[in-house]
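What follows is a single structure, written as structure tokens, with notes after it.
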Amino acid sequence: MLGNWSFGDYFKVRVCQMAFHLLTKEFKVPVERLYFTYFGGDKSLNLSADEECRQIWRSLGIPADRLIPFGLKDNFWEMGLSGPCGPCTEIHYDHRGSVCSPAEVNSGSPDVVEIWNLVFMQYNRLPDSSLVPLPTHHVDTGMGLERMVAVLNGTADNYSTDLFLPLFKEIEKLSGCPEYKGNLLPLDTSYRLLADHTRMFTVAISDGLLPSQDNLGHKLRSLLVRCVDLCRKVFHTDPLTTLPLLVSRVRESLGSVYPEIEQSEKKVCDIVQATIHHYDKHKEQAMKSFNKMLSKHGNIKVLPGDIMLQLEHGGYFGKPMAVEMISELASTLGISLDMDGYTKLCQSTKADISTLPLTSLPDRASSLVNQMLQLGVAPTDDSYKYSHCSLGDGVFDFTQMLEVISPVHVRGISKDNCLHRELLESDVGEVVLDKTCFYSEAGGQEADQGELVSETGTFQVTDVQRKSGYIVHYGHMRQGTLQIGQQIEPRIYQEIREGCMRNHTATHLLQSALTDLLPSTQQQGSSITSHKLTFNFLALSALDSKSIQQTQAAVQSFIKKEYLVSRTTLPLEVALKIPNVKVLQNEKYPEEVSVISIGPENGSFYSSVELCGGTHVLNTSDLEDFCITQMTSKAQNVKRVTCVTGSQAQLAHLNGSVLRSMCQLLEDLIKHQPGQNHSVKQSLKYAQQVLHALGAQQERLEHSLHLLAQNVSDYYARLKNLNEENQKTRSLMQSYIDILKKIATVGHEEQDIKQLFTLIRKIQQVELVPKVVREEVHSCLVKNEQKVTEMINKKNISHINQLIEDQFKRFPDSSVVSLTVNDIDINHRQITKSLSKQMLSKCVILLNQCHKTTDLFISLPLSSFQPLVDEDLDELKALLKVEAKGKLSAQNSTVAIYTFHLQGEINHTNSLISYIENLKPKQ
């Protein structure tokens, strides 16, 4: 769609003159092929015909028989049930031009088509459907690009133009199919679909839309899949080759007008290829699930709605699949779908959901904001939020902020969504000031928290939001009272602000590093808090550990180079012209924007330039350190990284060093390598460093918790969680140090290796561990788990065998011996396996009580006893006097092993010994 607008400038006369001039003088369209419609009035709305418009066209020389009035349906434009609206005039083109046929205008005839609509917005429709005149008149026009090109190319077919023919030629060349002829046969329809869809997804992806599971993203993905099917099933070409070549033809056609397409061609092709791979993998998984369903339900001709839902949601037969995929797989097997049943079930599910209570609450400050708007109160000036200076070492001075902002006065107060002049102690309410230094939540960054202190009391600020230009401070009266008009001192919590500043600047550096590594990447959202940041980005291929390490190292390099972080306020149109400036896709920016530039002090180049209203440090060195701790998938081709800065990052890297040394020590102990003493010393050094850092962090956290003892904000809860995580890590680290000291003094046993293995797994799972180290540790654990288990089992089996041998020596004349072992961590299958391999001459009753489980083993030598029958097993269970499950677990030519899993403990096995001794011996 092509268009032009006027907001209070020109109106009907000028827009009609310009439209007529463009068509007849510039485009050379013959006047005798044009028809002009205008609004013919509507009695029900008391609207008269737009004679003004008719006279304008007449003054431009249009014959009366080519001016046609129409009613509301065709010549009155509205954007919705309410809002700006008005009459319009349409310009129609007659492709034949031989006869005058005004009756065919707006009749649906393919020969007479609308090419341009000029809308005169002069009314405002109110919610009660009444119309009132707008104080200023506007113009909005819309011309159909494809229809206009068809006119200029001299064809009635919108597709037989230089917009589409290059794409058709490329498809013909790649497929070897007959050329496009412009008919309605299936092949030409497929030509049009593939070319039109390619144009659509090229423009959409260039504009920032990505294939996904939701809303427009889902429609884009479905359209791409249809292109893949057209390539394979109709044109018999490889979509991985065909679609990128068609994207290039679109770029040649539209790139000069849409520069985004020129800049994004590679990204579009990468996304298309990634989507094809994702679709093929999904289809393969879906086919497995579909076949599993068929194997259960047999040969069916119609797929019921409930089974469709099971396939769609996954879990019953495998992974979820889209309804489109279900339809495709069913169609290939000649199975029809019960769409009516499926639709009814979906509607029933939606109805169930719609009956759930709504949890969202209206904004508590809405009455306050509306009242201030009606009174014409000036918006809050929050420019003071950027007034701070650096003291070095990542510490900032915010006293300048209080000096420049003073005095500050209360302009509005509300409580329970009602206006008040005063807040009393313990009241929960909202406060608007004339000026503030508090940062309101925006751009993914959380809001400041702090206090508003007056002569009469302290208001605790737990959240800050921008509402219609006013900065609303949410919170409660911690002490005393607060009144409208009072002078207050706004105090932000420095710890929260500094953390957000570090993490927001780190987000910009992270995006710069990712862009260097993945040129096709694109930000998909971020969340910035005082203790960590998350960043969602487009990743068309898997990111391995090397890529994560490169990204992390790049950000650390920016920090070490001590780049200047500067803020400049510029008009939006000027800012957008800055080379390589980064903006958020589809973000609405104000007329004046802040530009954050990061680079050397001399300004010779910038590593990062972004439009951003967030708060930032003044030098990259203020970040101190940076660490990527997690990476997860958020959606198709979208990854999320979680990162920390400052002391959190330093601690994460220390934890990483400890884990690496633990893994090295584990492998040395398993292999009995001579270098294990060095590993112990190195590990002890790292562990003590971490323990010291954890202690320092715990002191900081507990100090902050003490200061915020009366705070009910989520920040206080977050600090408590961090402190608990810190204490948990300290406990694990102390356990590790204890093991190291034992190994260093008296050497190690197999159980120490097992304990070390368990500690590695637990420390690997704490939050502050580098992602790359987490993956290294996982590989180490997977590689050595079986070795550790076998080592422990070997040790325990040896211990059990020694106990059996001792019992044999102790009771040489007894046919049955009994022994109990406690807290030996060994799998019952291993004990069964060991007993079955021994050539024992006596019956052995072994009771293993470990943790909360109790296992009883009876090894019966077949040289002396008959195998037990079911009646014997039942008798033995009764003698145990606890709930038990017993069975024959193993038998060979020499021994039968019976196992009982007990739901409780037993003190002795005397009754079992007596029962077995009285069994009939083997004849």
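Any value given below was found using the heavy atoms of this structure, including those in side chains, with hydrogens, waters and symmetry copies removed.
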Point-to-point distance, once rounded to the nearest 0.5 Å, from [atom1] of [X] to [atom2] of [Y]:
| X | Y | atom1 | atom2 | value |
| --- | --- | --- | --- | --- |
| M308 | M293 | CE | CE | 10.0 Å |
| N801 | Q838 | CG | CD | 4.0 Å |
| C663 | N784 | SG | CG | 8.0 Å |
| C780 | L659 | SG | CG | 9.5 Å |
| Q807 | I845 | CD | CD1 | 11.5 Å |
| N910 | L879 | CG | CG | 11.5 Å |

Let's go through I858 and L876 carefully: what are the C-alpha distance in whole Å and the side-chain angles of both, what is the deciding distance for side-chain contact (heavy atoms from CB on, under 4.5 Å) to 0.1 Å, and is it a yes or a no? CA-CA 11 Å; I858 298 177; L876 288 170; 3.9 Å; yes
Please determine whether the number of non-hydrogen atoms from other residues, nucleotides or ligands lying under 6.0 Å from atom [atom1] of [X] exceeds 12.
| X | atom1 | result |
| --- | --- | --- |
| H778 | NE2 | no |
| K771 | NZ | yes |
| K634 | NZ | no |

List the steps and the verdict of side-chain contact (heavy atoms from CB on, under 4.5 Å) for V844 and F808. CA-CA 9 Å; V844 175; F808 274 30; 3.9 Å; yes
Give a yes or no answer on whether the side chain of [X] reaches the backbone of [Y] with a donor-acceptor pair at less than 3.5 Å.
| X | Y | result |
| --- | --- | --- |
| S327 | V323 | no |
| Q764 | R774 | yes |
| S836 | K833 | yes |
| N918 | S914 | yes |
| T534 | V641 | no |
| N291 | M287 | yes |
| T343 | M339 | yes |
| T745 | K741 | yes |
| S661 | V658 | yes |
| N655 | V690 | no |

Can a donor-acceptor pair be found between the side chains of [X] and [Y] at a distance below 3.5 Å?
| X | Y | value |
| --- | --- | --- |
| D872 | Y898 | no |
| K639 | S633 | yes |
| Q310 | D306 | no |
| Q786 | E790 | yes |
| S683 | Y736 | yes |
| Q698 | N723 | no |
| Q802 | D806 | yes |
| H278 | N637 | no |
| N721 | E725 | no |
| S547 | D544 | yes |

Please determine which of Q689, Q688, Q682 meets the side-chain hydrogen bond (donor to acceptor under 3.5 Å, both in side chains) test together with Y686. Q682
Which pair of non-hydrogen atoms, one from [X] and one from [Y], has the smallest distance, and what is that distance?
| X | Y | result |
| --- | --- | --- |
| E312 | I326 | N-CD1, 3.9 Å |
| Y715 | H531 | CE1-CE1, 3.6 Å |
| S815 | E917 | OG-CG, 3.9 Å |
| K842 | F811 | NZ-O, 3.6 Å |
| I737 | L684 | CG2-CD1, 3.9 Å |
| L888 | I897 | CD1-O, 3.4 Å |

For H799, what residues pass the ring-ring contact (aromatic ring centres under 6.0 Å, His included) criterion, not counting sequence neighbours? none
Report the residues that fulfil ring-ring contact (aromatic ring centres under 6.0 Å, His included) with H692, sequence neighbours left out, ordered by chain and then residue number. none
Does the pair E750/K794 count as a salt bridge with the N-to-O cut at 4.0 Å? no
Can K795 and E749 be counted as an ion pair, charged N to O under 4.0 angstrom? no
If you apply the rule side-chain contact (heavy atoms from CB on, under 4.5 Å), what do you find for V769 with V766, and how did you get there? CA-CA 7 Å; V769 171; V766 304; 3.5 Å; yes
Between [X] and [Y], is any pair of side-chain heavy atoms under 4.5 Å apart?
| X | Y | result |
| --- | --- | --- |
| V225 | M325 | no |
| L868 | I916 | no |
| K532 | E767 | yes |
| Q650 | L654 | no |
| T820 | N848 | no |
| L732 | L759 | yes |
| T894 | P861 | no |
| L902 | D855 | no |

side-chain contact (heavy atoms from CB on, under 4.5 Å) assessment of V777 paired with I760: CA-CA 8 Å; V777 172; I760 293 174; 3.5 Å; yes
Could you check K809 against E805 for salt bridge (Lys or Arg N to Asp or Glu O under 4.0 Å), going step by step and ending with a plain yes or no? CA-CA 6 Å; K809 290 179 179 178; E805 185 178 338; 3.5 Å; yes
